[in-house]
Amino acid sequence: MIKWKCTVCGYIHTGDEPPDECPMCGAEKSEFVEIAVAEDITPELEDEVSEEVGDNNAERISLFDKLVDLMLQNHLHPISVHTPNGIVPAAVLFLVLAYIFQLSSFELAAYYNLVFVLLAMPVVLFTGIVEWQKHYKGARTSVFITKITCGTVVLVSLLVLVLWRIADPEVAAPASSSRWIYFLIHIIALGAVGLAGHLGGKLVFGRSRK
Ligand SMILES: [Zn+2]
């Protein structure tokens, strides 16, 4: 039995041949290398780190690159995604309770939660794109395309909801005729957050299997 490593996400496959498609990230068969070969290819990040530490040319590395390295080393994307992953479901729950029990205070709580997530989204998306480029070679497999689509859907949904709520503070009130469309957009955002989180978890879990 030969061990094969996915050069996109680091998934290890054991068998005579690599799989047709990586089960973790969807990369093609050609992205797999035999493990002995794979070990010669030092991961990009480690390369950069050792360069920075052991080399006098460190000064030439721009401040931006340093910040990016720091961001990756400290897993800023998996940390920052907790904001949408944790708070969007809470906002939806508050809204459901507000609708059932006609509680305007819960509706307001849901709205403030959304505002907070919207403010965090630039960090979530930026760190996600950087991580995709640096750790996953910017591979355009279904997993990453789905994640990027989900991130965009979340951003657009939140923007629409927050701007709508600002323009019409009564949009979710029992008398409002648009309250169900407003609710539906919450569900779309929740679905996108859930799917992106599920795929992200799968990727991180796959990487750690060595
Ligand atoms: Zn893979």
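Basis for what follows: all heavy atoms, side chains included, without hydrogens, waters or symmetry-related copies. Keep in mind that what you see is a predicted model, and the values were worked out from it rather than measured.
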**Student:** Using 0.5 Å steps for rounding, measure from the CD1 atom of Ile166 to the CG atom of Leu161.
**Tutor:** 11.0 Å
**Student:** Could you tell me which non-hydrogen atom of Val143 sits nearest to which non-hydrogen atom of Gly26, and how far apart they are?
**Tutor:**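 That closest heavy-atom pairing would be CG2-N, 4.2 Å.
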**Student:** Quick check against the 3.5 Å criterion: does Lys5 have a side-chain atom that pairs as donor or acceptor with the backbone of Val33?
**Tutor:** no
**Student:** What about Tyr99 and Trp180, are their ring centers closer than 6.0 Å?
**Tutor:** yes
**Student:** As an exercise, state the distance from CD of Glu21 to CD of Glu28, rounded to the nearest 0.5 Å.
**Tutor:** 8.0 Å
**Student:** Evaluate side chain to side chain contact (heavy atoms under 4.5 Å, CB included) for Leu158 paired with Val115, printing each intermediate quantity in order.
**Tutor:** CA-CA 8 Å; Leu158 294 180; Val115 171; over 6 Å; no
**Student:** Do Ile185 and Ile87 sit in one hydrophobic cluster, given that two such residues count as connected whenever their side-chain heavy atoms are within less than 4.5 Å of each other, even indirectly?
**Tutor:** yes
**Student:** Are Cys6 and His13 close enough that some pair of their side-chain heavy atoms sits under 4.5 Å apart?
**Tutor:** no
**Student:** Is there a donor-acceptor pair under 3.5 Å between the side chain of Tyr136 and the backbone N or O of Phe144?
**Tutor:**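 Not a single qualifying donor-acceptor pair exists.
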**Student:** Do Val68 and Leu70 land in one hydrophobic cluster if side-chain heavy atoms of ILVMFWY residues count as linked below 4.5 Å?
**Tutor:**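 Each belongs to a different hydrophobic cluster.
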**Student:** Flag yes if Phe94 and Val162 sit in one hydrophobic cluster, no otherwise; membership is Ile, Leu, Val, Met, Phe, Trp, Tyr, and two members link when side-chain heavy atoms are under 4.5 Å apart.
**Tutor:**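 Yes, it is one cluster - the side chains of Phe94 and Val162 are joined through contacts under 4.5 Å.
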**Student:** Calculate, to the nearest 0.5 Å, the distance between atoms NE2 and CG belonging to His135 and Leu203 respectively.
**Tutor:**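 Going from NE2 on His135 over to CG on Leu203, the span is 12.0 Å.
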**Student:** Quick one: are Glu170 and Ser176 in side-chain contact, heavy atoms under 4.5 Å?
**Tutor:** no
**Student:** Could you check if a side-chain atom of Thr141 sits within less than 4.5 angstrom of a side-chain atom of Val8, using non-hydrogen atoms only?
**Tutor:** no
**Student:** Evaluate the ring planes of Phe183 and His186, with Trp represented by its six-membered ring, and classify them as parallel (under 30°), tilted (30 to 60°) or perpendicular (over 60°).
**Tutor:**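 Answer is parallel, since the angle falls under 30°.
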**Student:** Measure the spacing between NZ of Lys202 and SG of Cys9 and express it to the nearest 0.5 Å.
**Tutor:** 9.5 Å
**Student:** With a 4.5 Å cut-off on side-chain heavy atoms, are Asp16 and Met1 touching?
**Tutor:** yes
**Student:** Examine distances only and state if a side-chain atom of Asn74 and a backbone atom of Leu76 form a donor-acceptor pair shorter than 3.5 Å.
**Tutor:**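 A pair under 3.5 Å: no.
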**Student:** I want to check something: taking the side chain as every heavy atom from C-beta on, are Val154 and Ile188 in contact at a cut-off of under 4.5 Å?
**Tutor:** no
**Student:** Say you draw a straight line from OG1 of Thr127 to CG of Leu125; how long is it, rounded to the nearest 0.5 Å?
**Tutor:**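 Thr127 atom OG1 to Leu125 atom CG measures 7.5 Å (nearest 0.5 Å).
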**Student:** Given the rule that I, L, V, M, F, W and Y join up when any side-chain heavy atoms are under 4.5 Å apart, are Ile79 and Met71 in one cluster?
**Tutor:**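 No: no chain of side-chain contacts under 4.5 Å links Ile79 to Met71.
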**Student:** Is Ser178 reaching over with its side chain to a backbone N or O of Ile181, donor-acceptor style, under 3.5 angstrom?
**Tutor:**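 No, the answer is negative, given that no donor and acceptor are paired below the 3.5 Å cut-off.
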**Student:** Would you please test Ile12 and Met24 for side chain to side chain contact (heavy atoms under 4.5 Å, CB included) and show each step?
**Tutor:** CA-CA 10 Å; Ile12 306 290; Met24 290 299 155; over 6 Å; no
**Student:** Leu195, Val88: one ILVMFWY side-chain cluster at the under-4.5 Å cut-off?
**Tutor:**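 Leu195 does not cluster with Val88.
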**Student:** Would you check if Tyr111 and Leu95 make a side-chain contact, meaning some heavy-atom pair closer than 4.5 Å?
**Tutor:** no
**Student:** Checking Thr149 side chain against Ile145 main chain: does a donor-acceptor pair fall under 3.5 Å?
**Tutor:** yes
**Student:** Flag the pair Leu190 / Pro89 as yes when at least one side-chain heavy-atom distance between them is below 4.5 Å, and no otherwise.
**Tutor:** yes
**Student:** Return the minimal non-hydrogen interatomic distance between Ser80 and Val123, and the atom names on each side.
**Tutor:** CB-CG1, 4.1 Å
**Student:** Using only atom types and a distance under 3.5 Å, with no angle test, would you say the side chain of Asp168 pairs donor to acceptor with the backbone of Trp164?
**Tutor:** no
**Student:** Please check: side-chain N/O of Thr83 versus main-chain N/O of Val117, any donor-acceptor pairing under 3.5 Å?
**Tutor:**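 Between the backbone of Val117 and the side chain of Thr83 there is no qualifying donor-acceptor contact (under 3.5 Å).
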**Student:** A side-chain contact here means heavy atoms from C-beta on lying under 4.5 Å apart; do Tyr11 and Cys25 qualify?
**Tutor:** no
**Student:** Please report the closest heavy-atom contact between Val193 and Pro84, naming both atoms and the distance.
**Tutor:** CG1-O, 3.6 Å
**Student:** Would you compute the distance between atom CH2 of Trp132 and atom NE2 of His77 and round it to the nearest 0.5 angstrom?
**Tutor:**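 Spacing of CH2 (Trp132) from NE2 (His77) equals 12.0 Å.
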**Student:** So, for Thr7 and Glu31, which heavy atoms are closest and what is the spacing to 0.1 Å?
**Tutor:** OG1-O, 2.7 Å
**Student:** Please find the pair of heavy atoms, one from Glu17 and one from Trp4, that lie closest to each other, and give the distance.
**Tutor:** C-NE1, 3.5 Å
